[in-house]
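Input: a single structure, listed below in structure tokens.
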Amino acid sequence: MLDIKLLREKPDFVRERLATRHAGDEAKVSAVLALDESRRAALAEVEQLKATRNAVSREIGMLMGQKKLAEAEAKKAETRAIGDRITELDRLVTEAETGRDTLLATIPNLPHASVAVGRDAADNPEIRVHGTAPVFASKPLTHIELCDKLKLVDFARGTKLSGSGFLLYTGWGARLERALINFLLELHTTEHGYREVAPPYIVGEHCMFGVGQFPKFKDQAYAVQEGMDGSTLGKLYLLPTAEAPVANIHREELLPAQQLPIQYVAYSPCFRAEAGAAGLGTRGMIRVHQFDKVELIKIVTPETGYDELEKLVLNAEKVLQLLGLHYRVINLCTGDMGFASAKTYDIEVWAPGQGAYLEVSSCSNCEDYQSRRMHLRYKTETGENRFPHILNGSGTALARLFVALIETHQQPDGSILIPEALQPFLRADRIPV
RNA sequence: GGAGGGGUGGCAGAGUGGUCUAAUGCGGCGGUCUUGAAAACCGCUGUGGGUGAAAGCUCACCGGGGGUUCGAAUCCCUCCCCCUCCGCCA
């Protein structure tokens with residue numbers, strides 16, 4: 001949520017920044033300000049009436065105490081009329097305020113000044129590249145072929161159980177998935193200083209709103225209800241990302257400044273309905289309805305937000321370096337950024353079987369956009385209450401990491417070499433044919 | 001699912017229709033005293049909105065929402081959450 005004061009004071013600046021997203025949201029600014037204006041007009045009037053009423057009521061109380069009942073009755077008659085006007089004006093204030101905030105909640109965050117202005121993914125500048133694409137004597141197998149050959153994933157039966165977009169990991173595949181999760185959690189907790197949390201996999205609607213998933217992406221979430229009780233539908237949702245519960249851990253709290261920075265790491269499965277998305281009817285692990293992910297969350301002071309973002313990206317990159325994977329880091333341009341983000345780096349890993357880079361991490365600084373939505377504040381040393389910056393980054397998404405890993409480290413005989421860093425977790429140096 | 005109890009400031013805890021502008025205590029901040037500290041004493045101590053250059057003025061907030069009333073922490077309705085016991089259950 002943007003600061004309404006920023007819209008009042010610098011409406012043209014806000015419009016200009018929003019326009020760089022090419023989503024048309026700048027058109028909403030005037031409507032928000034109009035509602036804000038009518039709210040304040042009604043508020044000024046109703047507050048004056050309430051001040052009068054409070055004063056008279058106090059007098060009535062004193063008269064009653066002095067047993068001057070007739071005078072008290074006269075005063076009552078005098079104020080009775082303004083009660084109706086107050087009710088009416090209160091209604092107008094609430095109406096304007098609700099309208100203003102509902103619309104304001106649909107406006108995305110402003111891109112940071114350092115973000116490249118562009119229209120779509122084609123305009124994303126590349127920041128750096130690590131390693132080079134591995135060279136194969138013959139055409140490398142795709143992860144689908146490898147999974148079939150080594151029986152790592154049973155695509156057909158996964159679909160039989162839950163429909164397309166759901167995976168049944170089997171044997172070495174299931175063990176590799178588990179090993180990767182443990183490897184990632186160990187890395188970020190022991191090497192990078194994150195505190196591990198294990199969140200609920202179902203969250204309340206308010207948490208989805210807090211991180212900016214709702215209201216815009218409601219159609220991409222799986223809604224759950226209790227049994228056949230339809231009245232509970234719309235209150236709880238399966239996580240699209242662990243960001244939803246973890247970033248909200250301190251929602252509605254007032255944190256002492258000494259407690260910052262806060263760094264959390266969490267594993268969770270992620271559920272994405274991707275309603276209407278293309279390419280979900282086919283086999284493969286690149287685009288699925290359920291995948292595992294290890295997520296990194298930071299809550300920091302605004303002064304350190306962008307330094308922390310750089311560190312966050314490096315923490316995620318470390319994963320790919322340790323696994324011997326070729327990747328690149330790109331900076332999402334204004335037109336390609338997520339709703340709540342002010343600046344985002346994507347990490348894309350090379351998948352030889354695909355001959356393409358796959359997005360395995362997205363690291364964003366959402367500044368105070370989310371903390372304002374969830375009423376999370378911190379108290380500075382000078383006693384001022386401020387909204388902290390909230391950052392999130394995948395560290396990393398698993399299904400695609402799995403793909404890149406087996407495609408990169410496949411051997412001519414079809415077996416897969418396990419990078420040294422992962423061996424203790426899988427307790428093997430190779431997945432045999 | 002059934003029965004009962006509860007939700008008040010940073011914390012503890014009073015208040016059941018009218019100077020509540022929420023007692024009192026603890027904690028915290030400042031001051032007096034002291035070589036220094038402690039003790040004692042004095043003062044201050046929440047959040048959000050509106051207005052204003054500021055000082056200030058003002059409104060709202062006692063779990064959320066609605067109602068009764070001139071006036072609600074207090075009465076009524078409704079929802080949420082927590083605790084205790086019973087039932088069911090991995």
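Just so we're on the same page: letters track the sequence lines, and every chain starts at 1.
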Measure the distance from CD on A:Glu205 to C1' on B:C80 and round it to the nearest whole Å. 15 Å
Which nucleotide, if any, forms a Watson-Crick or G-U wobble pair with B:G43, using both distances under 3.5 Å? B:C29
Pairing nucleotide - B:C85, Watson-Crick or G-U, each distance under 3.5 Å: B:G2
Measuring to OP1 and OP2 of B:G49, would you say a side-chain N or O of A:Arg40 lies under 4.0 angstrom away? no
Counting only heavy atoms not in A:Lys379 (residues, nucleotides, ligands), do more than 12 fall under 6.0 Å from its NZ? yes
Side-chain contact check for A:Leu43: nearest option of B:G18, B:G50, B:A60 is B:G50
If I take atom CZ in residue A:Arg100 and atom P in nucleotide B:G50, what distance separates them, rounded to the nearest angstrom? 7 Å
When the ring centroid of A:Phe387 is compared with that of A:Tyr369, is the distance short of 6.0 Å? no
Residue whose nearest RNA chain B nucleotide is more 5′ - A:Thr87 or A:Glu97: A:Glu97
Can you find a heavy atom in the side chain of A:Leu239 that is under 4.5 Å from one in the side chain of A:Pro245? yes
Base, sugar-phosphate alone, or nothing: which one does A:Ala51 contact when heavy atoms must sit under 4.0 Å apart? sugar-phosphate
In whole Å, measure the gap between the P atoms of B:C62 and B:C44 for me. 25 Å
Determine which nucleotide pairs with B:G36, using a 3.5 Å limit on both distances of a Watson-Crick or G-U wobble pair. none
Separation between the P atoms of B:A39 and B:G17, rounded to whole Å: 41 Å
Taking only side-chain N and O atoms of A:Lys379, does any of them lie within less than 4.0 angstrom of OP1 or OP2 on B:U47? yes
For B:G50, take OP1 and OP2 only and decide whether either is under 4.0 Å from a side-chain N or O of A:Arg8. yes
Rounded to whole Å, please give me the gap between CG in A:Leu49 and P in B:U58. 16 Å
May I have the distance from A:Arg58 (atom CZ) to B:G18 (atom C1'), rounded to whole angstrom? 11 Å
Run the salt-bridge test on A:Glu367 and A:Lys343 with the 4.0 Å N-O cut-off and return the result as yes or no. no
Under the 6.0 Å and 45° cation-pi test, does A:Arg386 pair with A:Tyr378? no
In Watson-Crick or G-U wobble terms, both distances under 3.5 Å, what is the partner of B:C57? B:G50
Between A:Arg53 and B:U69, is there a side-chain N or O to OP1/OP2 distance below 4.0 Å? no
Hunt down the Watson-Crick or G-U wobble partner of B:G71, both distances under 3.5 Å, from any strand shown, or write none. none
Let me know the distance between NZ of A:Lys50 and P of B:G71, rounded to the nearest Å. 11 Å
Whichever of A:Thr94 and A:Lys76 has the more 5' nearest nucleotide on RNA chain B, that residue is A:Thr94
Could you work out the separation of B:A14 and B:G9 based on their P atoms and round it to a whole Å? 13 Å
Between B:U8 and B:C82, how far apart are the two C1' atoms, rounded to whole Å? 15 Å
CD1 of A:Ile4 versus P of B:G48: gap in Å, rounded? 17 Å
Do the side chains of A:Ile406 and A:Trp172 get nearer than 4.5 Å, heavy atoms only? no
Once you round it to whole Å, what is the distance between P of B:G28 and CD of A:Gln258? 14 Å
Of the listed B:A60, B:G50, B:C70, the closest approach to the A:Asn54 side chain comes from B:A60
Regarding A:Ile60, tell me which of base, sugar-phosphate or nothing describes its non-hydrogen contacts under 4.0 Å with the strands shown. base
Here the distance between atom P of B:G10 and atom CD of A:Gln259, to the nearest Å, is 16 Å
Any chance the side chains of A:Asp429 and A:Gln423 put a donor and an acceptor closer than 3.5 Å? no
Taking any heavy-atom pair under 4.0 Å as a contact, classify A:Ser57: base, sugar-phosphate, or nothing. base
Between B:A55 and B:U69, how many Å separate the two C1' atoms, rounded to a whole number? 37 Å
Please state the P separation for the pair B:G56 and B:A40 - nearest whole angstrom. 32 Å
Take atom C1' in B:C20 and the same atom in B:U78, then report the distance between them in whole Å. 27 Å
Considering only atom C1', compute the distance from B:U45 to B:U24 and round it to an integer number of Å. 16 Å
